[in-house]
Each structure stands twice: as structure tokens, then as C-alpha cells.
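Structure first, then comments.
Numbers restart at 1 for each chain; the letters A, B, ... are given by sequence-line order, proteins then strands. Side chains included, hydrogens not; waters and symmetry mates left out as well; all remaining heavy atoms used.
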2 protein chains.
Amino acid sequence: MTSAPQRGGHTLRTAPPRVRLVDVAREAGLSKTTVSAALNGTGRLSPAVREKARETARRMGYRPNATARQLRSGRARLIGYVVGEFAGTPWTYLESPYFAQLTSATAAAALKRGYALVMLPAGSLHSEWADLPLEAVIVADPVADDGVVEDLLAARIPVFSDGSVDGRPGAHWVDVDAEEAVRGTLEHLGSQGARRTALVLPDSTTRFHRGVLAAYRGWCAARGHTARVTFAADAGNGPVVRAVDSALTAAERPDALFVVAELSPPLVLEAARRHGYDVPGDLLVVCVSEDGTAEHTEPPVSTLSLQPREVAEAGIELLVAALENGDEGPSGVLVPTRLLVRESSRRPS
Amino acid sequence: MTSAPQRGGHTLRTAPPRVRLVDVAREAGLSKTTVSAALNGTGRLSPAVREKARETARRMGYRPNATARQLRSGRARLIGYVVGEFAGTPWTYLESPYFAQLTSATAAAALKRGYALVMLPAGSLHSEWADLPLEAVIVADPVADDGVVEDLLAARIPVFSDGSVDGRPGAHWVDVDAEEAVRGTLEHLGSQGARRTALVLPDSTTRFHRGVLAAYRGWCAARGHTARVTFAADAGNGPVVRAVDSALTAAERPDALFVVAELSPPLVLEAARRHGYDVPGDLLVVCVSEDGTAEHTEPPVSTLSLQPREVAEAGIELLVAALENGDEGPSGVLVPTRLLVRESSRRPS
DNA sequence: TTGAAAGCGCTAACAT
DNA sequence: ATGTTAGCGCTTTCAA
């Protein structure tokens, strides 16, 4: 007879050993099977026995051991969640309203289907959390050639990410249509009279940001406009404010600003004011943002929403389908963005 | 011979069965024991054998089953994270900079000690996630008589929360000193000439918010000042803006504003402007906020930081100590707040 | 130096 | 209707 680690593992020295199924069975004068069936509502048991088992379990404060169940069922119902951007500051992504919403919506959608989300540091690799029993991992906005995606795929762990993983076996994706989003926004701005729309973009290799840049350049080229792009050196208010400042002080002043780098809308307005622009009088403004402050500013700021909640829903739906019905079905889905036009981008007539 | 569920559980129909330790052992012509020891660097094995085991495992793409390990070790190294406030909208808490920072800092600190964080919906009860193998649960800012805390304690799951759980066996806490925070802020405001400081508070039963209210009232009473409290009906920009509006339009206009309800600092400034106040000329402003925009406004806004990162660090330290060294040691710790004085609360001389 | 076997706590196939 | 037993995949004691 071997002696396994202290019952209940290396847990609290002072903690009493946890009540197990067998303890309940013994106490009730029944077998494990019967108690298990009684508690799980399975099997054919006489109501009396079932009740007795339940009563005893309750009285003894029995709680099934989740790990044992997981092992038995072969399913952990745990999903990893890691974001590709922000690798330099692995835990700041939640401070972005976009990621805050994406993350919470993902957790919500997952939990609704019976899966829980495990938060992982941005930019971390599989090896750092290999001993978590994750059934799949969501990689939000991976950077170009993201190491995690490779690692995961090599370890045969299903990956849910964006369009950049298309075609890889075991990889699934949800994507926003950057091309269409940019076109829609620029057309809107154009329709309000903008001729010189400047773009402020994070210096990131995310698929979305790359897509935005390409679409913007394409749009300008097609119309013979000069592309006016300013890159924010880094995420965070400071660097993005500086990028906006520099976009607004260009020799040829822009008449519209499309801020894709995440910046609190009131701060965009303040920058405009600081540089002597009237919004929307001589500067139209649209921000890619999920920040609710946009509707409370004076004037309210138009935003392009990337619809993180819809993205999360679609992603989890795909994930559940893949995990539970095998790998068939579409491996990707496109979610449309939504342009919320407010006063900041409506040229007064 | 029984036939357990499909090897690997109900996983992908098309997925090949996962490589197990025994598969590697067979392939290498060794025993499970030997391969396990080789891979874990334990036991006394000849270098040749160890290498052979490792090589075979690598070649076959072996990855240990995390659930089996957990069962064996009796430890899941998983911590639940649930917030008490926001029960009405269980997933919006991340949109608050305070909770975003608290959450990410908690996840970071936990992971550093080898624990991963599982995100749970705000206001949810133990029964909704009873089948997750959580070794402990962190209940951030529980509301008065929070059901989760009771549930968890009854289920003998260690709880880490705030001072409101003090004294309960199995409960541990980290708290901010609301009394001192309020006193410090009001003194600062007073030193800058404020005589009529209005307070804007969420209508919440959180320990911190209750503490702030009590401290504020006490402070006013001690000095014979009238207490000027406005409650924000709800979280979110809209309701809090309305509360600020109403505080600013009181018959007797305040000369200082202490905004404890979470609101984007630029929006506080805008409200002041809207009502004809000059900040800091005739209204001093201090916000309880972790929002980085505070330093980028004109004027920059003074904030009282609740130091979520320090709170998280302290909490996880306590948690690890309790989980790993038994339940002794202090069951609670107090973390000081930090007043960051900026231009918005410095009376120009 | 290596291997056989027990057992973590649970569920389900099978026998009674 | 209820119980016996095997086994999920792993680590560890103990024997060889």
C-alpha cells in the first residue's frame, strides 16, 4: 500500500480532510455508485435511497472533487485567453476599453456555454502555462508571426484567433473587416466635406492595424490624395496624444482626423482645441473606440466600434462548435464594424 | 473490462488520441515510472535512459495531462476571481480602470506564484461554477452581506476579500483605509481654501464606499460643516455625470468637489465648465480614479489612487501564504491610498 | 538503475 | 434497485 500525498494534497495544514464520495457512501450505508447516481440524478434508484444519499451528502458538507470529474470526463472546460499585443506590458491590455469589452464578453459567452476563461499574460508562451488543463486557447489580436500561435498549434491545442491563422489546421478565427471599416469611415468623412483626412495609427503588426493602413493607403491612392499617417510610438495616452498633436500640426493642416490608436475621446477633442481647431467646424473627428465617454463630450465624438461583444459571441460559438462537434463547419467568420456618427464628424451646414 | 468514455473524452471526433505517458514508455521500451522520472528530472536514471525517454517523448509529441497531474497532486493552482459590485451587469466591471487594474494586477501576481486566475461573473454564486477546481476565490469589493462570501465559506473554500470578512474562519482580507483616505483628501482640499466640499458617491454598499461616507460625515460633523452628498444612481458615465451636475447646481454652490463615483476625469472637468466653474479658480477637484487621462487634461486632475496594484500584490501574498503554509499568520492587511495632487486642486495664489 | 503496482476521487459498464 | 469493479493519466513508494 503506497501512501499518496496528504489527503487533499499539500493543502492547509490545519484544514480537515475533505469529505469524499466514499465517505458519504459509508456514512449512508450505500455504495459509491448509488450515491454518485443519486447526486447526479442518473440511474434508477428508489426515491427513498436517493433522498437518503442526498441528505447524507448535504449533512456532511460533501462537494464533489472537480479535478476528479475532469479527469474522468476527459474535459476540463477551461479556455485560455491571451492577447498578442502589449507583450511589453503583459497586463495593461485590460485598461483599453476595447480589450476590456472583448475580454469580458468572451468570458460571458464562454461561461454561458459552460466554459470558464483563464487569463494569461499578453505575449506569454505556451510553456509558461503548459500545466493548466486548457481545452483551447483564444489568442486575441496576435502580432505578425506570433509565437503563441505556433506553439499552440504545434502542441495540437485548438487555437481561436483572427484571420491571420486562416488555413492552419486546428486554427479558427473571427475577424473584423478592416477594409470595409476604413472605406465606410472615409466615405462618411468625405461626404461631410473632408478632403485631407489624417490617420493616427498604432505602430503595431496586428492584422487589423495592418489592414487599416493598407485600406487607407489604397483609398488615398485611388483618389490621388496624399496619405497622411502618423504612428503612435506606443500604446497609452501619452504617446497617442503626441501622435495626434503631430498629426494636427502638419504643415498642411488636416480637415479630418481618423484616430485608430486608442485614445480617450475627450483627450482627442482637447488636443484639437489646443491646436486651434473647432470640431466639427474645421476638423471632423472619428475615433476607433469602445469608450463610452465619446457620447458625453461636447461635441459628442463619432466612433467606429469594432463590436467586441459580437466578436466574442461569434468566437465562442465557433469554439464550442469545434470542441463539441468535431472540427468541421466553417473555420472562420467575419463580423462587421459599426460606425456611430455623432456631432464631431457632421459638418455643420 | 469497462470501456471508459472515448480516449480523450468527447473531444474532437477527428482528433487523433492524445499521446499518453504509457505510449511513450511502450515506444521507448521503458516503464511509465522511468519515463515519468526522466521527464520530471526526478529519480536516479542512467543518462542514456533519461535521454532516450526524453527523445522519444519529444518525437511523439507527448504532453502531460494537466488534469491527471492535478488529481495526483491534489492541487489545481486555480483561483477564482469574482467582484461583488456590478451584480446587475456582471461583466462591465472591467470597463472601470480601477477594476481593470485590480484584475490584471491580481492575475499577474497570482501567475508569478504559479496560480492562474479564472474570471467569474460579478454577483454570481458559488453554485454557478461549483465544478471548477478552485483552490480559493477572491471576492473583490463584496457588497454588504454578499451571498458569495457566505456560500464559499460554507463550502469551506478559502475566501480573500476586504475587511468586511474579518474574523470569519477561512476568510482573509486586504483593505484600503477609507477613513484615512477621506481625511487626507479633505485636509488637502481644506488647506487649499475649500470650505464647501461636495461629495459624489456611488449608491453602493461596498465597504469602501460606506467607509468614505461615514468618514466624510464625521469630518463635516466635527467641524460643523454641512454634509453635501450626492449619490450616483448607478455606475457608468451617464448616471455619474448627472450626479456631478446636480452637485454642481446645488443652491449653495460648492467650492470643491470630491468625486468618488468613477467618472472619466475629463468629463468631470467638462461638467464643471458647463456649469460655469473655473477649475481650480473657483472649484477644486479631486477624483478617486486610476484613469490615466487625469494627467493629460487641462488642467490635470488630482486623483486619489486606491492603489489596486499594491492591493493585488498584498492579497496574493496573503493567499499564497494561507494556501501553502497553513492558515496561520495575519489574516488581513491594510494598504494605504495615495493622493496625487495636480493642478485641479491647487488654489492659485 | 529500473519496474510493478497502488491510488488520487470520480463515473459508468456490468453483474447481481 | 443496488453494488462491484475497472479505469481516466499520472506520480510515487517499494521491491527487485
Just the rounded figure in Å: distance from [atom2] of [N] to [atom1] of [X].
X        : N      : atom1 : atom2 : value
B:Lys32  : C:dA6  : NZ    : P     : 11 Å
B:Tyr62  : D:dG9  : OH    : C1'   : 8 Å
B:Arg75  : C:dG9  : CZ    : C1'   : 17 Å
B:Arg20  : D:dT11 : CZ    : P     : 14 Å
B:Arg72  : D:dT11 : CZ    : C1'   : 4 Å
B:Asp131 : C:dC10 : CG    : P     : 13 Å
B:Leu21  : D:dC10 : CG    : C1'   : 7 Å
A:Asp23  : C:dG9  : CG    : P     : 9 Å

- Is any side-chain nitrogen or oxygen of B:Arg69 closer than 4.0 Å to OP1 or OP2 of D:dG9?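 For D:dG9, OP1/OP2 do not have a side-chain N/O of B:Arg69 under 4.0 Å.
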
- Message: Using the rule given for salt bridge (Lys or Arg N to Asp or Glu O under 4.0 Å), can you reason through B:Arg18 versus A:Glu135, listing the C-alpha separation, both sets of side-chain angles and the distance that settles it, and then say yes or no?
- Response: CA-CA 12 Å; B:Arg18 248 179 81 156; A:Glu135 286 189 40; over 6 Å; no

Flag the pair [X] and [Y] as a salt bridge only when some basic side-chain nitrogen lies within less than 4.0 angstrom of an acidic carboxylate oxygen.
X        : Y        : value
A:Asp175 : A:Arg207 : yes
A:Arg58  : A:Glu27  : no
B:Arg168 : B:Glu150 : yes

- Residue among B:Leu134, B:Leu319, B:Ile316, B:Val137 satisfying side chain to side chain contact (heavy atoms under 4.5 Å, CB included) with B:Ile79: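 It is B:Leu319, the one option of B:Leu134, B:Leu319, B:Ile316, B:Val137 that forms the side chain to side chain contact (heavy atoms under 4.5 Å, CB included) with B:Ile79.
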
- Task: With the side chain of A:Ala68 defined as its heavy atoms from C-beta on, choose the nearest nucleotide among C:dG9, D:dC10, C:dG3.
- Result: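 Shortest atom-to-atom distance from the side chain points to C:dG9.
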
- Message: Counting only side-chain heavy atoms from C-beta out, which of C:dA6, C:dC8, C:dC10 sits nearest to B:Leu71?
- Response: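 Looking only at heavy atoms from C-beta outward on B:Leu71, the closest nucleotide is C:dC8.
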
- Could you pull out the closest heavy-atom pair between A:Ala122 and A:Phe86, with the gap in Å?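 That would be CB-O, 3.8 Å.
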
- Message: Looking at B:Asp145, I want to see if its CG is surrounded by more than 12 non-hydrogen atoms of other residues, nucleotides or ligands under 6.0 Å.
- Response: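 Result for CG/B:Asp145: open.
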
- Message: Expected output is a numbered-order residue list: members of residues 33-56 of chain B with a heavy atom under 4.0 Å from any atom of DNA chain D. What is it?
- Response: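 Listed by number, they are B:Thr33, B:Ser36, B:Asn40.
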
- Message: Reading DNA chain D from 5' onward, which residue's closest nucleotide shows up sooner: B:Arg63 or A:Gly29?
- Response: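 Here A:Gly29 is the residue nearer the 5' end.
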
